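Predicted model only: the values in this text are computed from it and were never measured.
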Amino acid sequence: NSECYLAFMDHEQDTQRIVGVVLLNEHEQVTFPDYFLREGVAHFAMFAVDPTLQAIGVGTRLLDTCTRRARELGNTQLALSMARPDAALLRYYQRRGYEQVQDWQWPYTNYVSLILARDIAPISPTNTSTKTSTPPGSDGRRRRVESRPTRVQRPSFPEDQFNSQLSSRRCSWQPTR
């Protein structure tokens, strides 16, 4: 079973609406990229946020939830598949520390996908501004990676209201056969 995380936001009169979704360790009845099958690698898929609520932190919270859960499961890397032609999406993931580790052709797409991954090992509490990393799939040379604050556009309502309105829940997801 995959783990599905849904982001909910308070809506009208005691109702909530789904504003984001992500699947952790999705299972499909197709051959997976070699990288997804490595020990210590978790992967996510079907990541989406309501377009009217993007850039306010919904996606960040969902990805943070996936990262936390992947660590709980004993993984040290988090990977994903994305369409090679989507340059804007590639930049989105690169800003979050993901690097290309493999090309992949899914049997049901008409484009080549990129497999991206990043290290999710805990960062030392004594040095959170910079770290030395070995990118997944790299030649083993270490290099310095600078952490930069991410500018997040906030919604028009107060932040405490935003925090109380957004929650995520875990649910099981099994593909239909």
Side-chain angles (χ1 to χ4, degrees), residues 1-33 35-37 41-75 77-102 104 106-120 150-157 159-177:
N1 281 346
S2 303
E3 293 180 11
C4 176
Y5 293 92
L6 301 173
F8 292 86
M9 186 172 270
D10 290 343
H11 196 49
E12 301 167 359
Q13 297 181 328
D14 299 324
T15 63
Q16 291 187 322
R17 68 181 179 118
I18 297 172
V19 296
V21 63
V22 66
L23 293 178
L24 180 64
N25 291 328
E26 175 190 25
H27 297 284
E28 291 188 55
Q29 294 191 9
V30 296
T31 303
F32 265 33
Y35 205 86
F36 284 8
L37 303 175
V41 175
H43 64 277
F44 68 89
M46 305 298 170
F47 174 49
V49 173
D50 180 327
T52 64
L53 295 171
Q54 291 179 354
I56 64 169
V58 176
T60 297
R61 288 181 186 203
L62 284 168
L63 290 181
D64 287 350
T65 299
C66 277
T67 300
R68 251 188 328 277
R69 180 64 177 143
R71 283 183 185 133
E72 288 172 5
L73 295 171
N75 295 288
Q77 292 186 329
L78 188 57
L80 66 110
S81 169
M82 60 154 288
R84 176 188 287 276
D86 194 338
L89 186 60
L90 178 58
R91 287 189 302 274
Y92 172 87
Y93 288 122
Q94 287 173 331
R95 285 192 307 269
R96 284 151 182 81
Y98 290 88
E99 297 189 21
Q100 181 180 349
V101 295
Q102 184 180 0
W104 185 252
W106 292 101
Y108 44 75
T109 63
N110 63 356
Y111 54 82
V112 173
S113 293
L114 300 177
I115 305 303
L116 307 179
R118 77 175 182 95
D119 185 8
I120 59 169
T150 303
R151 185 171 178 224
V152 176
Q153 181 181 358
R154 294 291 174 199
S156 58
F157 43 85
E159 188 168 331
D160 60 336
Q161 185 180 358
F162 171 70
N163 288 335
S164 68
Q165 284 189 345
L166 183 66
S167 62
S168 62
R169 295 186 195 142
R170 179 178 153 197
C171 60
S172 292
W173 180 82
Q174 180 87 23
T176 57
R177 298 181 196 266

How are the rings of Phe36 and Phe32 set relative to one another: parallel (under 30°), tilted (30 to 60°) or perpendicular (over 60°)? perpendicular
Nearest 0.5 angstrom please: Arg68 CZ to Asp64 CG, how far? 6.0 Å
Are the side chains of Thr52 and Val19 in contact, using a 4.5 Å heavy-atom criterion? no
Is there a donor-acceptor pair under 3.5 Å between the side chain of Gln77 and the backbone N or O of Ala117? no
Could you tell me which residues satisfy side-chain contact (heavy atoms from CB on, under 4.5 Å) with Leu89, sequence neighbours excluded, listed by chain and number? Met82, Asp86, Tyr92, Tyr93
By side-chain contact (heavy atoms from CB on, under 4.5 Å), which residues pair with Tyr111, not counting sequence neighbours? Ala83, Pro85, Thr109, Ser113
Below 4.5 Å, heavy atoms only, C-beta onward: do Asn25 and Leu73 meet side chain to side chain? yes
Any non-hydrogen side-chain atom of Leu6 less than 4.5 Å from a side-chain atom of Gln16? no
Distance-only donor-acceptor hits, side chain of residues 41-48, under 3.5 Å, sequence neighbours excluded:
from: His43; atom 1: NE2; to: Glu26; atom 2: N; distance (Å): 3.4
from: His43; atom 1: NE2; to: Glu26; atom 2: O; distance (Å): 3.1

Spacing of CZ belonging to Arg17 relative to CG belonging to Leu53, to within rounding of 0.5 Å: 5.0 Å
Considering all heavy atoms, the nearest Pro33-Gln102 contact: CB-OE1, 3.7 Å
Quick one: are Ser81 and Ile115 in side-chain contact, heavy atoms under 4.5 Å? yes
CD1 (Ile18) and CG (Asp50) are apart, to the nearest 0.5 Å, by 11.0 Å
Quick one: are Gln100 and Leu90 in side-chain contact, heavy atoms under 4.5 Å? no
Spacing of Leu23 atom CG and Leu62 atom CG [to the nearest 0.5 Å]: 11.0 Å
CG (Asn75) and SG (Cys66) are apart, to the nearest 0.5 Å, by 11.0 Å
Once rounded to the nearest 0.5 Å, what's the spacing between atom CG of Asp119 and atom OG1 of Thr67? 10.5 Å
